[in-house]
Amino acid sequence: MAKKFTDEERLALAAKLDKELDDFIDGLEKRPYTEGWPEDRWQEEMEKHPFFMKKMPEAGEPLDPLMEGLQQLKYDPNENTPEELANAYKDDGNFNFKHGNYRLAIIAYTEGLKIKCENAETNATLYNNRAAAHFFLKNYRSSLHDCKWALRLKPNYRKTLGRAAKCCLETRQFDQGIEYCDLLLGGDRTPEIVRLRQTIVNERKRQEKDSRKARRGEDRKADARRELMKAIGAAGVAFEGDLRPVVPELAECAVHLNDGRLVWPVIFTYPEYQVMDFIQEFDEYDTFREHLDRVFEESPAWDAESKYKVADLHVYLESSGKLQRFDIDSKLRDVLKCKGLLVKGGTPSFIILVGNSPAELAFLSRYK
């Protein structure tokens with residue numbers, strides 16, 4: 001028969017057991033616990049654990065051993081069928097896509113496609129999802145390429161058809177975009193697709209209008225070019241190479257017609273001081289005196305002695321290794337038709353010297 005304890009006896013027995021447990025624990029060897037998470041880093045360590053982590057590790061980051069083991073199990077071809085592996089990569093891509101990591105999503109979908117599983121539905125989804133990631137990155141051509149692959153595997157893939165049409169709008173492939181919209185509208189006249197189709201049609205009309213305008217502009221340029229060449233030929237001007245000036249200061253001042261008269265860019269060079277003046281518009285009927293009067297209206301800084309008086313200046317032209325002098329009152333048209341003259345780089349260039357000066361005599365001695 002079991003002994004019945006009074007309340008006092010129960011309390012005494014409980015106190016005795018507590019003391020014996022305390023004595024036992026106190027007698028254990030004191031060793032620090034090293035197998036758990038450090039108190040000062042427990043939250044950091046917990047976030048590395050695959051069950052508690054809030055984001056996937058970045059490329060190159062060390063993995064928690066448990067995470068590494070789970071990944072090996074998830075992607076081990078010996079433990080998974082090709083379809084299971086492709087779906088695993090698809091899930092990874094979807095996770096990254098959901099969190100806006102579109103480049104990581106593209107990598108995951110690409111790995112899934114590399115598996116080459118035989119399930120057309122899975123592969124179509126991988127192509128479609130990768131197309132979506134490319135679209136968000138504005139890689140519209142890559143997105144359209146993936147859409148086409150998805151549609152080969154699943155011709156009536158509505159999500160893909162809609163995205164393909166949007167890509168065609170962005171890449172200005174309007175005819176194909178309209179075809180994709182028509183395929184969608186054949187099954188369901190969704191207002192969004194109706195609006196998309198109309199947008200594509202409007203953009204195609206705008207492109208056609210711009211193309212016609214550009215062609216008219218090119219035609220006008222061609223006509224102007226033919227008229228210019230005809231005028232240069234009639235003026236008896238011989239030239240070499242392109243007529244567009246190579247000198248940066250005159251790059252936008254190529255020879256042109258103004259009321260049927262040739263207007264040239266011209267260079268005045270001053271060998272005594274090794275400086276130049278760039279005359280942007282020299283009408284063929286203008287004289288050299290007219291432009292030199294404007295150039296020397298005020299004495300330039302380089303002419304410290306104020307030697308360059310227009311009445312004292314001589315104009316020379318070098319051509320084929322020979323030097324020719326022209327009267328300062330000569331018209332440009334008359335000078336350019338001289339025999340043996342060859343305009344290079346679309347820019348006639350003339351040498352200006354003070355008449356009978358030591359600089360002129362020294363310069364002329366080079367051609368003796």
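- Partner F288 forms a ring pair (Phe, Tyr, Trp, His ring centres under 6.0 Å) with one of Y316, F282, F296 and no other, that one being F282.
- Of the possible donor and acceptor atoms, none in the side chain of Y89 sits under 3.5 Å from a partner among the backbone N and O of I107.
- Ring geometry for F136 against Y102 counts as parallel: the plane angle stays under 30°, on a 0 to 90° scale with 60° as the upper cut.
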Original post:
Does the pair W264 and E281 meet the rule for a side chain to side chain contact (heavy atoms under 4.5 Å, CB included), with working shown?
Top reply: CA-CA 6 Å; W264 293 86; E281 295 194 344; over 6 Å; no

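- Between K331 and E284 there is no salt bridge, since no side-chain nitrogen of the basic residue lies less than 4.0 Å from a carboxylate oxygen of the acidic one.
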Subject >> Worked verdict on E297 versus R294 for salt bridge (Lys or Arg N to Asp or Glu O under 4.0 Å) >> reply: CA-CA 5 Å; E297 188 173 359; R294 284 195 285 270; over 6 Å; no

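- The pair K114-E111 counts as a salt bridge, with a side-chain nitrogen and a carboxylate oxygen less than 4.0 angstrom apart.
- Between E192 and K166 there is a salt bridge, since at least one side-chain N of the basic residue sits less than 4.0 Å from a carboxylate O of the acidic one.
- P245 and P265 make their closest contact through CG-CG, 3.9 Å (heavy atoms, listed as atom of the first residue, atom of the second, distance).
- With a 6.0 Å radius and a threshold of 12 heavy atoms from other residues, nucleotides or ligands, R152 has its CZ atom above the threshold.
- Pairing each heavy atom of L317 with each of S349, the nearest pair is CD1-O, 3.2 Å.
- Taking the six-membered ring for Trp and thresholds of 30 and 60 degrees, F95 and H99 have ring planes inclined between 30 and 60 degrees apart.
- With respect to the salt-bridge test (charged N to carboxylate O, under 4.0 angstrom), the residues E170 and K138 do not qualify.
- Although no hydrogens or angles enter the test, the distance criterion places a donor-acceptor pair under 3.5 Å between the side chain of D303 and the main chain of Y308.
- Looking at residues two or more places apart in sequence or on another chain, you find a ring pair (Phe, Tyr, Trp, His ring centres under 6.0 Å) between F135 and Y140.
- Minimum interatomic distance between L262 and A231 (heavy atoms only, all atoms of both residues): CD1-O, 3.9 Å.
- With respect to the salt-bridge test (charged N to carboxylate O, under 4.0 angstrom), the residues E227 and K230 do not qualify.
- Looking at every heavy atom in both residues, Y285 comes nearest to D283 through N-OD1, 2.8 Å.
- Under a 3.5 Å cut-off, the side chain of R244 and the backbone N or O of A251 do form a donor-acceptor pair.
- Shown here is H145, whose NE2 atom has no more than 12 heavy atoms of other residues, nucleotides or ligands within 6.0 Å.
- Of the possible polar contacts, none joining the D146 side chain to the S143 backbone as a donor-acceptor pair under 3.5 Å is found.
- Using a cutoff of 4.0 Å between basic side-chain nitrogens and carboxylate oxygens, D223 and R226 are scored as salt-bridged.
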